[in-house]
Asker: 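I'd like to ask you about the structure that follows.
First the proteins, then the strands, lettered A, B, ... as listed; each starts at 1. These numbers were taken from a predicted model, which means no experiment stands behind them.
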Number of protein chains: 2
Amino acid sequence: MSWEERLSRAGWRITTPRRVVMQVLQRAGRPLSPQEIYMRGRRIHRSLGLVSVYRSLEVLERVGLVRRVHQEDRCDGYILASPGHHHILLCRRCGRTVEFPGAEDLSGLIAQVEQRTGFQVEDHLLELIGLCSPCQRSKS
Amino acid sequence: MSWEERLSRAGWRITTPRRVVMQVLQRAGRPLSPQEIYMRGRRIHRSLGLVSVYRSLEVLERVGLVRRVHQEDRCDGYILASPGHHHILLCRRCGRTVEFPGAEDLSGLIAQVEQRTGFQVEDHLLELIGLCSPCQRSKS
DNA sequence: ACTGCTTTTGAAAAATTTTTTCATTAAGCG
DNA sequence: CGCTTAATGAAAAAATTTTTCAAAAGCAGT
Ligand SMILES: [Mn+2]
Ligand SMILES: [Mn+2]
Ligand SMILES: [Zn+2]
Ligand SMILES: [Zn+2]
């Protein structure tokens with residue numbers, strides 16, 4: 001199912017700003033901030049407004065089409081999200097980001113933590129950080 | 001070893017703002033934003049400046065005495081950090097935050113991902129989100 | 001305790017980021 | 001096509017973070 005279809009079925013309209021944000025993120029392959037999306041987006045859609053980028057990201061994230069990435073220094077970067085439970089792997093050098101499916105190895109850990117703390121775990125945030133192949137080589 | 005000693009050994013001075021930030025976080029038990037730390041800190045140290053809160057957090061985080069917490073809606077909350085590799089478990093309702101030691105169950109997953117992506121994984125970010133005991137009960 | 005050197009502080013200003021407001025535009029549906 | 005309502009973009013406002021700089025305070029060595 002296309003992202004347009006997913007967005008539409010969730011009750012949202014397919015608009016130019018939303019299309020532009022998706023297109024920019026598709027081409028990026030690394031997390032982009034609203035500001036960056038805005039600047040690149042304007043080359044596609046001259047009259048794009050920064051506010052619409054913010055608003056688009058909010059909706060697209062809610063629908064699960066886009067994901068925010070947490071980094072040491074910034075947490076305002078967005079990438080395209082594949083459907084279903086995924087985690088991300090990102091290169092600390094060039095920012096390249098790759099998703100990988102859930103691989104739920106955490107159940108043991110979670111059970112253990114629940115036991116010891118009395119918490120009821122509902123969700124988790126997992127990101128792996130490292131160096132992508134190209135950056136391993138060009139390790140100046 | 002006390003936090004003062006750890007800070008000092010790392011080459012930093014023990015100052016009033018840093019002491020206040022630590023004290024505020026000690027009493028909090030949940031992530032506090034710089035603004036919140038500032039407001040609470042002023043009750044201890046009348047002339048505390050917001051800038052010093054920002055600067056203190058930067059240093060304390062660098063030394064590993066304090067940790068930034070990533071949440072759905074905000075990533076500007078700080079908690080006290082225990083020494084060594086820990087993860088956090090936080091309540092989505094009241095914000096209560098608990099640390100738990102590394103429990104490195106991730107090595108399998110990491111090896112698998114490294115294999116498939118060519119990345120070299122160096123670090124990770126893991127947070128568990130759920131409901132703490134009190135909030136499970138008062139589930140209005 | 002006192003001195004001198006250096007880091008750190010707090011106020012103010014500046015820069016950046018995010019949110020709100022509101023008149024206008026344009027999606028989507030018949 | 002026309003209607004209805006969601007969505008847009010400009011502008012302003014609010015909130016957050018960083019920079020600047022003179023004054024204060026930490027600390028090492030007397
Ligand atoms: Mn998972
Ligand atoms: Mn770990
Ligand atoms: Zn974050
Ligand atoms: Zn890379």
Side-chain angles (χ1 to χ4, degrees), chain A residues 1-24 31-63 65-78, chain B residues 2-24 31-63 65-66 68-78:
Chain A
M1 189 175 20
S2 70
W3 70 263
E4 285 98 333
E5 208 172 336
R6 296 220 282 142
L7 190 57
S8 186
R9 288 198 190 178
W12 304 96
R13 295 184 180 176
I14 313 299
T15 68
T16 304
R18 288 168 191 169
R19 255 194 297 264
V20 170
V21 168
M22 287 299 284
Q23 193 178 327
V24 166
L32 297 184
S33 69
Q35 191 59 235
E36 291 175 306
I37 295 168
Y38 171 60
M39 292 187 302
R40 296 182 185 203
R42 289 177 64 169
R43 300 203 289 254
I44 300 169
H45 175 49
R46 268 187 62 289
S47 70
L48 178 66
L50 175 59
V51 209
S52 294
V53 173
Y54 275 96
R55 290 187 286 219
S56 295
L57 287 170
E58 192 185 324
V59 169
L60 294 170
E61 184 175 34
R62 188 117 54 97
V63 177
L65 290 168
V66 139
R67 182 194 313 287
R68 189 159 62 96
V69 175
H70 302 269
Q71 285 175 273
E72 282 280 315
D73 49 337
R74 355 198 50 203
C75 292
D76 64 349
Y78 290 81
Chain B
S2 70
W3 70 264
E4 285 98 332
E5 207 171 336
R6 297 220 282 142
L7 190 57
S8 187
R9 289 197 190 178
W12 304 95
R13 294 184 179 175
I14 314 298
T15 69
T16 303
R18 286 167 191 169
R19 257 194 296 263
V20 170
V21 168
M22 286 300 283
Q23 193 178 327
V24 166
L32 297 184
S33 69
Q35 192 59 234
E36 291 174 307
I37 295 169
Y38 170 60
M39 292 187 302
R40 297 182 184 204
R42 288 177 62 171
R43 295 198 297 245
I44 300 169
H45 176 49
R46 269 188 62 318
S47 70
L48 178 66
L50 176 59
V51 209
S52 294
V53 174
Y54 275 97
R55 289 187 286 219
S56 295
L57 288 170
E58 192 184 324
V59 169
L60 294 170
E61 184 175 34
R62 188 119 51 99
V63 176
L65 290 167
V66 139
R68 189 159 61 96
V69 175
H70 301 269
Q71 286 175 272
E72 282 280 317
D73 48 338
R74 350 198 55 200
C75 291
D76 63 349
Y78 290 82

Asker: Roughly how far, to the nearest 0.5 Å, is the CE atom of M22(A) from the CZ atom of R18(A)?
Answerer: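 Here the interatomic distance stands at 12.0 Å.
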Asker: What is the distance, rounded to the nearest whole Å, between atom CE of M39(A) and atom P of dT17(C)?
Answerer: 9 Å
Asker: Look at atom CZ of R42(B) and say whether more than 12 heavy atoms of other residues, nucleotides or ligands are closer to it than 6.0 Å.
Answerer: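 12 or below, so no.
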Asker: Within this structure, what is the OH-to-C1' distance between Y38(B) and dA11(C), rounded to whole angstrom?
Answerer: 10 Å
Asker: What is the distance, to the nearest angstrom, from the NE2 atom on H45(A) to the P atom on dA27(C)?
Answerer: 9 Å
Asker: What's the CD-P distance between E58(A) and dA7(D), to the nearest Å?
Answerer: 11 Å
Asker: Does any N or O donor sit under 3.5 Å from an N or O acceptor when you compare the side chain of R13(B) with the base of dT6(C)?
Answerer: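 Present.
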Asker: Nearest whole Å is fine: how far is dG26(D) P from E5(B) CD?
Answerer: 19 Å
Asker: Salt bridge or not for E58(A) and R62(A), using N-O below 4.0 Å?
Answerer: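 Answer for the salt bridge query: yes.
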Asker: Which nucleotide in the set dC21(D), dG9(D), dT8(C) lies at the smallest distance from any side-chain heavy atom of R55(B)?
Answerer: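 For the R55(B) side chain, the nearest candidate turns out to be dC21(D).
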Asker: Please give, in whole Å, the distance from dA6(D) P to L7(A) CG?
Answerer: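 My rounded result for the distance is 15 Å.
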Asker: Hey, does R46(A) reach any base, or is it just sugar-phosphate, or nothing, if we go heavy atoms under 4.0 Å?
Answerer: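 No contact.
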Asker: Just how far, in rounded Å, is P of dT19(C) from CG of D73(B)?
Answerer: 11 Å
Asker: Quick one: D76(A) CG to dT17(D) C1', roughly how many Å, whole number?
Answerer: 12 Å
Asker: Hey, which sits more toward the 5' end of DNA chain D by its nearest nucleotide, T16(B) or T16(A)?
Answerer: T16(A)
Asker: Distance check: side-chain N/O of R18(B) vs OP1/OP2 of dG26(D), anything under 4.0 Å?
Answerer: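 Indeed not, no polar side-chain atom of R18(B) lies that close.
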Asker: Using a heavy-atom cut-off of under 4.0 Å over every strand shown, decide if S47(A) touches base, sugar-phosphate, or nothing.
Answerer: sugar-phosphate
Asker: Among dC27(D), dT16(D), dT9(C), find the nucleotide with the atom closest to the side chain of Y54(B).
Answerer: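 So the side chain of Y54(B) is nearest to dT16(D).
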Asker: Ignoring backbone atoms, test whether T15(B) places a side-chain nitrogen or oxygen under 4.0 Å from the OP1 or OP2 oxygen of dT9(C).
Answerer: yes
Asker: If you count every heavy atom of other residues, nucleotides or ligands that lies below 6.0 Å from Q23(A) atom CD, does the total exceed 12?
Answerer: yes
Asker: Contact class for R74(A) vs. all strands (heavy atom < 4.0 Å): base, sugar-phosphate, or nothing?
Answerer: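 Touches sugar-phosphate only.
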Asker: State whether S52(A) places a side-chain N or O below 4.0 Å from either non-bridging phosphate oxygen (OP1 or OP2) of dG9(D).
Answerer: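 Yes, S52(A) has a side-chain N/O under 4.0 Å of OP1/OP2 on dG9(D).
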Asker: Please tell me which of V51(B) and R19(B) maps to the more 5' nucleotide of DNA chain D, matching each residue to the nucleotide holding its nearest heavy atom.
Answerer: V51(B)
Asker: Salt bridge between E5(A) and R9(A), side-chain N to carboxylate O under 4.0 Å?
Answerer: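 So E5(A) pairs with R9(A) through a salt bridge.
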